[in-house]
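What you see is a predicted model, and the numbers here were worked out from it, not measured in a lab.
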Amino acid sequence: MSAASVMLLSSCSGKLGALSADNFTVTPNPLETQVGKVPATINGTFPEKYMKKKAVVTVVPELRYADGQVAKGQGATFQGEKVQGNDQVIMYKVGGRYNIKTNFNYLDCNKADMYLTFDAKVGKKKVEVPAVKVATGIVATSELYKQTLKSAQAAIAPDAFQRINAQKQEANIKFLIQQATLRQSELKNNSVQEFVKLLNQINNDREGLNLKDVEVSAYASPDGGFDLNDKLAAQRQQNTEKYVQQQLKKAKLADAAVDAKYTAEDWEGFQELVKASNIQDKDVILRVLSMYKDPQEREQQIKNISSAFRELADGILPQLRRSRMIINYETVGRSDEQIQQQLKDDPKQLSVEELLYAATLTSDMNTKEDIYKTTTKVYPNDARAYNNIATMEYAKGNFDTAKTYISQAQKASANLPEAAANLGMLALANGDIQSAENYIAKATGANGLSEVLGNLNLAKGNYAQAEQDFKDIYSNSAALAQILNKNYASAAVTLKYIKNPDSTTDYLKAILGARMGNTSEAAQALRNAISKDSNWAKYAANDLELKNVSK
């Protein structure tokens with residue numbers, strides 16, 4: 001009856017009456033943050049006989065924070081049926097419904113109420129319409145990415161150290177036409193001498209070199225009859241294999257395996273040499289090779305190209321009368337213990353890969369950082385150690401120092417992808433998502449890029465994509481992405497297996513417990529978080545996620 005009286009009086013007096021919260025529905029309520037904003041959809045109703053025919057009402061949403069800050073959202077204007085204008089018309093007798101989408105800046109405070117304010121006129125006369133409170137509080141869990149970033153792993157530039165590296169060395173012996181004799185002039189060529197020298201080195205350096213096997217491949221050129229070439233190639237194989245066995249015996253490696261084979265007519269090698277040559281009619285010869293599969297037909301067709309055959313006989317065919325000897329071996333590097341000892345004795349004797357690898361052999365962060373700093377002194381032009389020191393400074397929260405080391409890394413190598421990724425992480429930590437995206441776009445191929453992208457997508461509100469990026473990664477950021485994506489079962493697993501849980505880990509457990517209705521577990525997790533970092537107590541006091549959790 002009171003409301004009806006107000007409406008009746010206002011109708012009679014030419015004024016607009018007060019509106020109540022019952023005239024509005026806000027979605028979501030409570031409000032929720034998204035990428036530094038607080039979006040909301042307002043569905044409103046002007047009651048029957050409310051909007052005067054000459055009235056103009058502008059509805060302006062405001063977010064009023066407990067600390068006195070006010071964020072204004074986008075408003076909308078409505079007019080009575082006799083007003084000349086382009087705004088939505090609300091009929092006096094029947095009233096009307098409307099929809100407003102608005103977006104506020106989030107001002108780092110969860111305790112806030114949303115009000116609708118009204119700028120109203122009837123004719124030329126301004127009238128007062130009291131503000132109406134339509135939503136209470138903000139769920140700002142998505143903004144916790146700024147907190148999870150503190151424990152996120154920045155991109156570490158990896159070492160390329162391999163203790164065992166597969167190697168091979170090849171030697172070639174050429175034969176005269178229709179002969180299989182190993183000529184002394186060929187056995188003295190550089191490749192054969194290096195072949196013999198390496199066998200002796202393997203014998204003398206059992207720790208650093210390891211022989212796998214020796215391959216022998218013998219060939220005959222494709223000119224002449226097949227039977228002759230088959231016999232010739234087989235004899236070349238036997239003679240070369242015998243020579244290899246003799247050299248292995250001299251090097252005291254007689255037990256080594258020898259894999260010997262021959263090719264009667266080396267058409268494949270012939271084609272490769274022709275392709276690489278400047279021989280006349282090269283294209284015609286290659287066409288012949290593709291058109292004719294029968295060896296005799298091929299040979300005859302090529303001989304028919306008389307202008308080119310002499311060049312083939314002089315320049316190509318002699319190179320195919322050969323045998324190849326290949327040593328397959330491994331180089332064996334220092335053991336972990338040897339690397340650590342050498343690091344103590346004289347780090348200058350270690351390669352840059354060994355030094356970077358040495359840093360991975362310790363879990364002590366101070367020792368790890370000392371190794372990286374030593375690496376920058378011994379190898380000042382390698383960018384990776386500078387970058388990796390930056391990741392450690394990032395972990396300490398020393399963002400300016402981290403940026404300084406990244407600058408040094410980029411001076412050493414402007415294209416180190418991990419450095420670009422880490423500049424993106426620093427931009428995210430400073431709340432600059434656009435710059436972060438620009439940096440990370442240049443980090444293709446960076447080690448740990450998936451985790452960096454996960455943090456970027458988490459900050460951008462792409463929670464499903466972030467969860468994919470964080471696949472098999474157990475971190476606070478990964479758990480937050482899963483919580484925001486409402487994948488609570490996976491979030492529980494992630495939080496359980498975080499290697500170095502901190503107060504943020506416990507706080508996320510509290511939120512997860514509250515969302516799943518496990519209030520006792522949530523309360524214990526909250527107590528754990530506060531015991532590690534008392535700042536969570538103040539934050540939790542205004543966190544609507546934990547409104548039903550005893551604090």
Engineer: Do T148 and L458 have side chains that approach each other closer than 4.5 Å (heavy atoms only, starting at C-beta)?
Structural biologist: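 Side chain of T148 against side chain of L458, heavy atoms only: contact under 4.5 Å found.
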
Engineer: Can T504 and N476 be counted as having a side-chain donor-acceptor contact under 3.5 angstrom?
Structural biologist: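 No donor-acceptor contact under 3.5 Å links the two side chains.
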
Engineer: Is it the case that atom CG in N190 sees more than 12 heavy atoms from other parts of the structure closer than 6.0 Å?
Structural biologist: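 Open: at most 12 neighbouring heavy atoms sit under 6.0 Å from CG of N190.
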
Engineer: Can you measure from CD (E170) to CD (E194) and round to the nearest 0.5 angstrom?
Structural biologist: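 One finds 13.5 Å between CD of E170 and CD of E194.
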
Engineer: With distance as the sole test, does T376 use its side chain to make a donor-acceptor pair with the main-chain N or O of Y386 at under 3.5 Å?
Structural biologist: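 No, T376 side chain to Y386 backbone: no donor-acceptor pair under 3.5 Å.
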
Engineer: Under 6.0 Å from the NZ atom of K111, do we count more than 12 heavy atoms belonging to anything else shown?
Structural biologist: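 Result for NZ/K111: open.
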
Engineer: Is there side-chain contact between I138 and L544, with heavy atoms separated by less than 4.5 Å?
Structural biologist: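 Side-chain contact under 4.5 Å: no.
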
Engineer: Look at the aromatic rings of F399 and Y394 and report parallel, tilted or perpendicular, splitting at 30° and 60°.
Structural biologist: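 Taking Y394 first and then F399, their aromatic rings sit tilted (interplane angle of 30° to 60°).
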
Engineer: With rounding to the nearest 0.5 angstrom, report the CD to CE distance, E451 to M425.
Structural biologist: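 Between E451 CD and M425 CE, I get 6.5 Å after rounding to 0.5 Å.
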
Engineer: What I want to check is whether the side chains of S142 and T33 have a donor and an acceptor closer together than 3.5 Å.
Structural biologist: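 Yes, because at least one side-chain N or O of S142 sits under 3.5 Å from a partner of the opposite role on T33.
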
Engineer: Under 4.0 Å between a Lys/Arg side-chain N and an Asp/Glu carboxylate O for E215 and R324?
Structural biologist: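 Between R324 and E215 there is no salt bridge, as every charged N stays at least 4.0 Å from the carboxylate O atoms.
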
Engineer: Between K486 and E467 (salt bridge meaning N to carboxylate O under 4.0 Å), is one present in this structure?
Structural biologist: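 Salt bridge flag = no for E467 with K486.
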
Engineer: Counting only heavy atoms not in K403 (residues, nucleotides, ligands), do more than 12 fall under 6.0 Å from its NZ?
Structural biologist: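 No, because the 6.0 Å sphere around NZ of K403 holds 12 heavy atoms or fewer from other groups.
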
Engineer: Does D67 have more than 12 heavy atoms from other residues, nucleotides or ligands lying within 6.0 Å of its CG?
Structural biologist: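 Counting other residues, nucleotides and ligands, CG of D67 exceeds 12 neighbours.
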
Engineer: Cut-off 3.5 Å, side chains only: do N455 and S477 have a donor facing an acceptor?
Structural biologist: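 Judged by distance alone, the side chains do pair up.
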
Engineer: With distance as the sole criterion, is a donor-acceptor pair present between the side chains of T362 and D364 under 3.5 Å?
Structural biologist: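 No, no side-chain donor-acceptor pair sits under 3.5 Å.
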
Engineer: At what distance, to the nearest 0.5 angstrom, does CG of L211 lie from CD1 of I202?
Structural biologist: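 One gets 4.5 Å once the value is rounded to the nearest 0.5 Å.
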
Engineer: Quick check on Q88: does its CD atom have over 12 non-hydrogen neighbours (other residues, nucleotides or ligands) under 6.0 Å away?
Structural biologist: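 Enclosed.
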
Engineer: Would you say Y507 and D533 make side-chain contact, with heavy atoms under 4.5 Å?
Structural biologist: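 No, side chains not in contact.
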
Engineer: What pair of heavy atoms forms the shortest contact from G513 to A522, and how long is it?
Structural biologist: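 Of all heavy-atom pairs spanning G513 and A522, the closest is C-CB, 4.0 Å.
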
Engineer: Give a yes or no answer on whether the side chain of R163 reaches the backbone of R334 with a donor-acceptor pair at less than 3.5 Å.
Structural biologist: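 Side chain of R163 to backbone of R334, a donor-acceptor pair under 3.5 Å: yes, one is there.
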
Engineer: Evaluate the side-chain proximity of E418 to P158: yes if any heavy-atom separation is below 4.5 Å, no if none is.
Structural biologist: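 They are in side-chain contact.
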
Engineer: Looking at A71 and L107, what are the two nearest heavy atoms and their distance?
Structural biologist: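 Closest approach of A71 to L107: CB-CD1, 4.4 Å.
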
Engineer: Keeping the roles fixed (side chain from N387, backbone from A155), state whether a donor-acceptor pair exists under 3.5 Å.
Structural biologist: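 A pair under 3.5 Å: yes.
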
Engineer: Once rounded to the nearest 0.5 Å, what's the spacing between atom CG of N110 and atom CG of L31?
Structural biologist: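 Those atoms lie 11.5 Å apart.
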
Engineer: Please check this pair: side chain of N447 against backbone of I156, looking for a donor-acceptor N/O pair closer than 3.5 Å.
Structural biologist: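 Present.
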
Engineer: Any side-chain to backbone donor/acceptor pair from T360 onto L356? Under 3.5 Å, distance only.
Structural biologist: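 No; zero donor-acceptor contacts below 3.5 Å.
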
Engineer: Closest heavy-atom contact between F195 and I327?
Structural biologist: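 Answer, listing the atom of F195 first, then I327: CE1-CG1, 3.2 Å.
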
Engineer: How far apart are the closest heavy atoms of Q338 and G333, and which atoms are they?
Structural biologist: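 Scanning both residues, the minimum pair turns out to be OE1-O, 4.5 Å.
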
Engineer: Any carboxylate oxygen within less than 4.0 angstrom of a Lys/Arg side-chain nitrogen, looking at D506 and R527?
Structural biologist: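 Salt bridge absent between D506 and R527.
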
Engineer: Mark yes when over 12 heavy atoms from residues, nucleotides or ligands other than R97 sit less than 6.0 Å from its CZ; otherwise mark no.
Structural biologist: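 No.
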
Engineer: Can you tell me how far CG of N23 sits from CG of N43, rounded to the nearest 0.5 angstrom?
Structural biologist: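 CG of N23 is found 12.5 Å from CG of N43.
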
Engineer: Looking only at side chains, do D336 and Q340 share a donor and an acceptor under 3.5 Å apart?
Structural biologist: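 No, Q340 and D336 have no side-chain donor paired with an acceptor closer than 3.5 Å.
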
Engineer: Any chance CG of N86 has more than 12 other-residue heavy atoms, nucleotides or ligands included, within less than 6.0 Å?
Structural biologist: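 Result for CG/N86: open.
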
Engineer: Assess whether side chain to side chain contact (heavy atoms under 4.5 Å, CB included) is satisfied between F24 and N29, documenting all intermediate values.
Structural biologist: CA-CA 11 Å; F24 307 98; N29 189 5; over 6 Å; no

Engineer: What's the verdict on side chain to side chain contact (heavy atoms under 4.5 Å, CB included) for S475 and Q153, showing C-alpha distance, side-chain angles and the deciding distance?
Structural biologist: CA-CA 9 Å; S475 69; Q153 177 60 61; over 6 Å; no

Engineer: Ignoring hydrogens and angles, state whether a donor on the side chain of D502 or T505 is under 3.5 Å from an acceptor on the partner side chain.
Structural biologist: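 Side-chain D/A pair, D502 to T505: present.
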
Engineer: Any idea which heavy atoms bring P61 and G75 closest together, and the distance?
Structural biologist: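 Heavy atoms of P61 and G75 come nearest at CD-CA, 3.9 Å.
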
Engineer: Using the side chain to side chain contact (heavy atoms under 4.5 Å, CB included) definition, which of the options I339, T375, T374 pairs with P347?
Structural biologist: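 The option that passes is T374.
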
Engineer: Is any side-chain heavy atom of S490 closer than 4.5 Å to one of V493?
Structural biologist: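 No, every pair of side-chain atoms sits at 4.5 Å or beyond.
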
Engineer: Going through the distances and angles, do L480 and I511 end up as a side chain to side chain contact (heavy atoms under 4.5 Å, CB included)?
Structural biologist: CA-CA 10 Å; L480 179 59; I511 290 175; over 6 Å; no

Engineer: Inspect the contact between K509 and E521 and indicate whether a charged nitrogen and a carboxylate oxygen are less than 4.0 angstrom apart.
Structural biologist: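 So E521 does not pair with K509 through a salt bridge.
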
Engineer: Would you say K101's side chain and T41's backbone share a donor-acceptor pair under 3.5 angstrom?
Structural biologist: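 No; judged by distance alone, with no hydrogens or angles, the pair does not exist.
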
Engineer: Heavy atoms only: give me the nearest V139-P30 pair and the separation to one decimal.
Structural biologist: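 So the two residues come closest at CG2-CG, 4.0 Å.
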
Engineer: Hey, does the side chain of S217 reach the backbone of K261 with a donor-acceptor pair shorter than 3.5 angstrom?
Structural biologist: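 Side chain of S217 to backbone of K261: no pair is present.
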
Engineer: Between R515 and T141, is any pair of side-chain heavy atoms under 4.5 Å apart?
Structural biologist: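 R515 vs T141: side chains touch.
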
Engineer: Using only atom types and a distance under 3.5 Å, with no angle test, would you say the side chain of E369 pairs donor to acceptor with the backbone of I389?
Structural biologist: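 A pair under 3.5 Å: no.
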
Engineer: Salt bridge or not between E272 and K275? Use side-chain N to carboxylate O under 4.0 Å.
Structural biologist: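 No, no charged N to carboxylate O under 4.0 Å.
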
Engineer: Would N204 and L209 satisfy side chain to side chain contact (heavy atoms under 4.5 Å, CB included), going step by step from the backbone distance to the final call?
Structural biologist: CA-CA 9 Å; N204 295 329; L209 299 173; over 6 Å; no

Engineer: More than 12 foreign heavy atoms under 6.0 Å from NZ of K396: is that the case here?
Structural biologist: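 Yes, NZ of K396 has more than 12 neighbouring heavy atoms, counting only those of other groups under 6.0 Å.
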
Engineer: Kindly indicate whether the side chain of F118, heavy atoms from C-beta on, has any atom under 4.5 Å from the side chain of V59.
Structural biologist: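 Result yes, sub-4.5 Å side-chain heavy-atom pair found.
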
Engineer: Report yes if the side chains of L512 and L508 come closer than 4.5 Å at any heavy-atom pair, otherwise no.
Structural biologist: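 No, side chains not in contact.
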
Engineer: Do Q341 and D345 have side-chain atoms, one donor and one acceptor, less than 3.5 Å apart?
Structural biologist: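 A pair is found: one side chain offers a donor N or O, the other an acceptor, under 3.5 Å apart.
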
Engineer: Regarding D432 and S435, do their side chains bring together a donor and an acceptor under 3.5 Å, going by distance alone?
Structural biologist: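 Result is yes, a qualifying pair exists.
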
Engineer: Between the main-chain N or O of K37 and the side-chain N or O of N103, is there a donor-acceptor pair closer than 3.5 Å?
Structural biologist: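 Side chain of N103 to backbone of K37: no pair is present.
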
Engineer: Can you tell me if N487 and Q482 form a side-chain donor-acceptor pair at under 3.5 Å?
Structural biologist: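 No, because no side-chain N or O of N487 sits under 3.5 Å from a partner of the opposite role on Q482.
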
Engineer: Main chain of L199, side chain of N203: is a donor-acceptor contact present, judged purely on distance under 3.5 Å?
Structural biologist: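 Side chain of N203 to backbone of L199, a donor-acceptor pair under 3.5 Å: no, none is there.
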
Engineer: Once you round to the nearest 0.5 Å, how far does CZ of F470 lie from CG of N485?
Structural biologist: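 Interatomic distance, F470 CZ to N485 CG, rounded to 0.5 Å: 12.0 Å.
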
